[in-house]
Protein chains: 2
Amino acid sequence: MTKAPAPQTLDLIFAALADPTRRAILEMLLEDDMAVTDVAEPFEMSLAAVSKHLTLLMRAGLIAQEKRGRVKWCKLEPDAMRASSIWMQGFGQFEALDLDGLERFLEAELGEDAG
Amino acid sequence: MTKAPAPQTLDLIFAALADPTRRAILEMLLEDDMAVTDVAEPFEMSLAAVSKHLTLLMRAGLIAQEKRGRVKWCKLEPDAMRASSIWMQGFGQFEALDLDGLERFLEAELGEDAG
DNA sequence: ACTATATTCAACCAAATGGTTGACCAACAG
DNA sequence: CTGTTGGTCAACCATTTGGTTGAATATAGT
């Protein structure tokens, strides 16, 4: 697998991940596929703003959207992160699955980020 | 180790990585520490512009700068990438060291990106 | 047909980004 | 001291970003 992505892909992915709202959205989608309205619910911004965030996430390939009826379902597309993950691995030989660190980290991130 | 980073850290790191010039700089620094002027040399933009990029990379913790004489040396700080690497690992249980994919990928990235 | 819900579109706005140039400061060389 | 090199600072500019609001579109319910 792991086909080499177009150069601009990394731009889109990293730019998408640079926003706390969008990271929070990805974390929400990690637990369940969600409709746009439900994605927007916990945020204080307008639905249109969240819709724009979702568009960016989709252009980066990080989520997929499927319209069923009038509801557009958003679903995580975690493979897209692989490109950036691979790129970063060139810089430090990280251990892959630092679950301990992940746990502690996500606590902080979920607790304080992007409400 | 792997201390949980402040929430804003991910903003800074991902934003820093979203720019092809800055990624190219990091790739250059992967091979050697470099003076600011030498970092700037391959790029078509002004020295001041590259200096700004380096400032962003430093604020993100991705590089360190040490002034010796009138020369400011830039050196990769790969540990900073760990925070984002850890965050991403929550989304797909990537295998850590996909060297095969890395190789193919860096070829494309180095060949076409940010000249 | 009417109405409500789900979502996007369009126009707009403030702030940030990525670049420029020219002035500036620091450090070495003569 | 003078001049040159290394690097940043300040002011500026165009574009992008992240948000707003109000209108528009599409689907569903009655």
Side-chain angles (χ1 to χ4, degrees), chain A residues 7-29 32-75 113-115, chain B residues 7-29 32-75 113-115:
Chain A
Q8 47 135 9
T9 303
L10 283 186
D11 291 36
L12 295 178
I13 294 178
F14 281 130
L17 296 178
D19 185 279
T21 300
R22 288 191 293 264
R23 287 200 307 278
I25 290 174
L26 291 176
E27 286 165 3
M28 290 165 59
L29 292 178
D32 246 320
D33 297 2
M34 296 176 80
V36 173
T37 306
D38 296 327
V39 169
E41 194 268 335
F43 299 100
E44 305 232 315
M45 70 192 68
S46 70
L47 180 61
V50 172
S51 177
K52 280 195 199 173
H53 281 301
L54 290 171
T55 300
L56 285 197
L57 288 171
M58 214 183 44
R59 290 208 307 139
L62 290 164
I63 66 168
Q65 290 183 302
E66 182 199 357
K67 194 168 178 182
R68 275 207 304 271
R70 61 181 163 179
V71 175
K72 204 170 203 175
W73 291 92
C74 305
K75 130 176 203 300
D113 209 38
Chain B
Q8 49 137 7
T9 303
L10 283 185
D11 291 35
L12 295 178
I13 293 178
F14 282 129
L17 296 178
D19 185 279
T21 300
R22 287 191 293 263
R23 286 200 308 278
I25 290 174
L26 292 176
E27 285 164 5
M28 291 164 59
L29 292 178
D32 246 321
D33 296 3
M34 296 176 79
V36 172
T37 306
D38 296 327
V39 169
E41 193 269 334
F43 298 100
E44 305 232 315
M45 69 193 69
S46 69
L47 180 61
V50 172
S51 177
K52 280 196 200 173
H53 282 302
L54 290 171
T55 300
L56 285 197
L57 287 171
M58 214 183 45
R59 291 209 307 140
L62 290 165
I63 66 168
Q65 290 182 303
E66 182 200 356
K67 195 167 175 181
R68 277 209 302 273
R70 60 180 165 181
V71 176
K72 205 171 203 172
W73 292 92
C74 306
K75 128 176 206 300
D113 208 37

Answer with base, sugar-phosphate or nothing: what part of the nucleic acid does A:Ala15 contact at a heavy-atom distance below 4.0 Å? nothing
Given [options], which nucleotide is nearest the side-chain atoms of [X]?
X	options	result
B:Arg22	D:dG19, C:dG18, C:dG19	C:dG18
B:Ala49	D:dG19, D:dG7, C:dT20	C:dT20
B:Val71	D:dG6, C:dG19, D:dG19	D:dG6
A:Met45	C:dG18, C:dG22, D:dG19	D:dG19
B:Lys67	C:dA26, D:dC9, D:dG6	C:dA26
A:Leu56	D:dG18, C:dT7, C:dT8	D:dG18
B:Lys52	D:dG18, C:dT7, D:dA11	D:dA11
B:Lys72	C:dG19, D:dG19, D:dT8	D:dT8
A:Ser46	C:dT7, D:dT21, C:dT20	D:dT21
A:Leu47	D:dG18, C:dT21, C:dT8	C:dT8

So [Y] and [X], do their side chains get closer than 4.5 Å, heavy atoms only?
X	Y	value
A:Arg23	B:Asp11	yes
B:Trp73	B:Gln65	no
B:Leu29	B:Asp33	no

To the nearest angstrom, how far is [X] atom [atom1] from [N] atom [atom2]?
X	N	atom1	atom2	result
B:Met34	D:dG7	CE	P	11 Å
B:Gln65	C:dA26	CD	P	17 Å
B:Arg59	C:dA16	CZ	P	11 Å
B:Glu41	D:dG7	CD	P	13 Å
B:Leu54	D:dG6	CG	C1'	13 Å
B:Phe43	C:dG18	CZ	C1'	14 Å
A:Arg70	D:dG29	CZ	C1'	7 Å
A:His53	C:dT7	NE2	C1'	16 Å

Is B:Arg22 reaching over with its side chain to a backbone N or O of B:Ala16, donor-acceptor style, under 3.5 angstrom?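 Checked: pair present.
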Check for a donor-acceptor pair, side chain of B:Asp19 on one end and backbone N or O of B:Thr21 on the other, with a separation under 3.5 Å.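 Here the side-chain-to-backbone pair exists.
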